[in-house]
Number of protein chains: 2
Amino acid sequence: MFTLMESENKFPDSLSETAAFKGLGEAERAQIYNYGERRIHKPEAVLFREGEPALRLYLVVEGGLKLTKLHEEGKETVVRYIRPGDFTAAAAVFSEKKYPATAKAVSSTEVVSWDQPAMWRILNDYPRFTVNLLQVAVERLDEIQNRLLELQVEKVEQRLARALLRLMEQSGKRTDEGILINFRLTRQELADYTGTTLYTVSRTLSGWEKKGWISSGREKIVVTDPHALVAFSEAGS
Amino acid sequence: MFTLMESENKFPDSLSETAAFKGLGEAERAQIYNYGERRIHKPEAVLFREGEPALRLYLVVEGGLKLTKLHEEGKETVVRYIRPGDFTAAAAVFSEKKYPATAKAVSSTEVVSWDQPAMWRILNDYPRFTVNLLQVAVERLDEIQNRLLELQVEKVEQRLARALLRLMEQSGKRTDEGILINFRLTRQELADYTGTTLYTVSRTLSGWEKKGWISSGREKIVVTDPHALVAFSEAGS
DNA sequence: CGCTCTATTGATAAACCTCAAATACAGTGG
DNA sequence: CCACTGTATTTGAGGTTTATCAATAGAGCG
């Protein structure tokens, strides 16, 4: 037939070590993987929108997603960046839930997704997968709680330093200049991620550029002195 | 023998409708419940501490817990209040994890808890329970993400209003004066919950008291005009 | 080359924290 | 029952951080 699911897709090696497929045999991985639908999304493409019925569970294979939430009056926050090997929209496992956030591709992004019937089959046939999902949820929870803590007790510049480091670790790419955050990232997005304004972000980055910690351009940031940033993020001065 | 688990405990009716035991038969509930250990903790008692190896999963039956996280220099945040029917320390399902927060009883509190061997047995024998745990984790995640959003875009007074309303809904007790938040709650704790200082909390509450929205005393808050608070929490003015 | 989106920078104001000091309250032990 | 003691709370003054507004500069795209 003609659906995407028909062709047996090879399970990507890059995913075999991820939390998603931990403890599963090779055959099981391939089966689970092939229950899903593979798709490649262009940069800026919206995979799902906050408030829509949550119908599919997503796993990022390559590229990345930006998860955002809207507040009244158009203000938006970046909840998280999703990288290869990460699930998102776990809420879709439960019927009648809505997506709690909007997902947009930050670069060309390959995902696998499962609809509810497929998920129920998987959850039923591979209990280990359910446990893996639980583990991912628990880890996300921990991460967000840490961000909540940081947001409450740290000042803007310290949070910005942490954010850059996190993004660097998650999506960094070595260049001869330093470590490049490997997708388009505006000052506004960074502000939405750290709970500040684009003005403050701009000022702060300018300062760090003068100190030689980073090197930045339009929608582009390269961390040239990670060590200094780490020290700053921990000490806050 | 002599352990607490020996006596067959009746499954509490109050829990039968909670997310924790959804979709499970009465017999299954009783079995799961009896794998655990019942305990009553005094107010202020610490059930587990951030950083310790996570050995037990907890379910609150009566009373409540305060989950806190510490930052360097003693600053602390209240991550969440746990009420009857809620799990906490889901991280304990996974070996080698540490408790991500500290849990302290806010009043006399009854909990059931399971150690790892019991949990593994339960997760294995009652897959529906695993799914329920996942659901709880997903809902917490959503809740925390909403708090993150509020913390980033709303001003202190608005967050305080939301916090009071949340606590009122979760732990409110009708009195002839209004709805009492039914446990000791200091200004400092409210500040740690909303990401501000006790001074700002005090000033704000004083203002609301003059407006007749609340009535407060030492470690005690009664919401006398919930409607006004709701309006304020949504409009922010 | 002009258009549009992004970033920078300065000036100003608002929100909020910090520090200090006084006051109120609850529980305790005589 | 009352004075005492340790917290919790209130309130004021002053300072810091950060948001807001406005104007300009730069980068990429067609």
Side-chain angles (χ1 to χ4, degrees), chain A residues 42-44 66 71 73-78 104 106 150-164 181 183-211 214-222 232 236-237, chain B residues 42-44 66 71 73-78 104 106-107 150-161 163-164 181 183-211 214-222 232 236-237:
Chain A
K42 290 184 191 153
E44 301 295 303
K66 181 180 75 169
H71 197 255
E73 324 289 320
K75 287 196 179 176
E76 116 179 349
T77 66
V78 175
K104 192 181 275 188
V106 296
E150 290 163 12
L151 197 54
Q152 290 193 0
V153 308
E154 293 175 356
K155 299 220 202 313
V156 169
E157 298 203 342
Q158 200 172 354
R159 304 201 307 260
L160 249 176
R162 278 194 206 278
L164 281 190
I181 291 171
F183 56 87
R184 277 156 179 273
L185 180 67
T186 65
R187 305 291 186 262
Q188 179 67 59
E189 285 174 311
L190 213 39
D192 292 340
Y193 186 56
T194 50
T196 180
T197 63
L198 80 148
Y199 308 106
T200 303
V201 170
S202 179
R203 277 182 239 278
T204 306
L205 294 190
S206 294
W208 291 349
E209 194 147 13
K210 280 194 192 97
K211 291 188 185 176
I214 65 166
S215 148
S216 77
R218 188 190 171 96
E219 301 186 339
K220 179 183 77 102
I221 298 176
V222 180
F232 181 86
S237 55
Chain B
K42 290 184 192 153
E44 302 294 302
K66 183 179 73 167
H71 196 257
E73 326 289 321
K75 286 195 179 177
E76 115 178 353
T77 65
V78 175
K104 191 180 274 188
V106 296
S107 57
E150 290 163 12
L151 197 55
Q152 290 194 359
V153 306
E154 293 175 356
K155 299 219 202 313
V156 168
E157 297 204 341
Q158 202 172 351
R159 303 202 308 261
L160 247 175
L164 281 189
I181 292 171
F183 55 89
R184 278 155 177 274
L185 179 68
T186 65
R187 305 290 187 264
Q188 180 66 60
E189 285 174 312
L190 254 181
D192 293 340
Y193 186 55
T194 49
T196 180
T197 62
L198 81 148
Y199 307 106
T200 303
V201 170
S202 178
R203 278 182 240 277
T204 306
L205 294 189
S206 293
W208 291 348
E209 192 147 13
K210 281 195 192 96
K211 291 188 184 176
I214 65 165
S215 148
S216 77
R218 187 190 171 99
E219 302 186 333
K220 179 184 76 109
I221 298 176
V222 181
F232 180 86
S237 56

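Lettering follows sequence order; numbering is per chain, from 1.
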Just by modelled atom types, is the Ser216(A) backbone N or O under 3.5 Å from a matching donor or acceptor in the Glu209(A) side chain? yes

I want to verify a distance call: between dC29(D), dT8(C), dT10(D), whose nearest atom is closest to the Arg184(A) side chain? dC29(D)

Check ion pair Glu154(A)-Arg162(A) (N to O, under 4.0 angstrom): yes

Just how far, in rounded Å, is P of dT20(D) from NZ of Lys75(A)? 5 Å

Write out a two-atom table: protein N or O, nucleotide N or O from nucleotides 14-16 of chain C, distance below 3.5 Å.
from	atom 1	to	atom 2	distance (Å)
dC16(C)	OP1	Val156(B)	N	2.8

Give the minimum heavy-atom separation between Leu185(A) and Glu189(A), together with the two atoms involved. CA-OE1, 3.5 Å

Quick note, Arg218(A) side chain, CB onward, closest among dA22(D), dA27(D), dT18(C) is dA27(D)

Please report the shortest heavy-atom distance between Gln152(A) and Tyr193(B), naming the atom on each side. NE2-O, 3.6 Å

Only one of Leu164(B), Thr204(B), Thr200(B) forms a side chain to side chain contact (heavy atoms under 4.5 Å, CB included) with Leu190(B), so which one is it? Leu164(B)

Nearest-angstrom distance from the residue atom CZ of Arg203(B) to P of dT9(D): 14 Å

Could you tell me the separation between the CG atom of Leu185(B) and the P atom of dT9(D), rounded to a whole number of Å? 8 Å

Rounded to whole angstrom units, what separation is found between the CD atom of Glu209(B) and the C1' atom of dA24(C)? 13 Å

With a cut-off of less than 4.0 Å, is there a side-chain N or O of Thr186(B) near OP1 or OP2 of dT7(D)? no

Compute whether any side-chain donor of one residue and acceptor of the other, for Arg159(B) and Thr196(B), lie under 3.5 angstrom apart. no

Using a cut-off of strictly less than 4.0 Å, decide whether Arg187(B) has a side-chain nitrogen or oxygen near OP1 or OP2 of dT9(D). yes

Of the listed nucleotides (dC25(C), dT6(C), dT11(D)), which one gets closest to any side-chain atom of Ser202(B)? dT11(D)

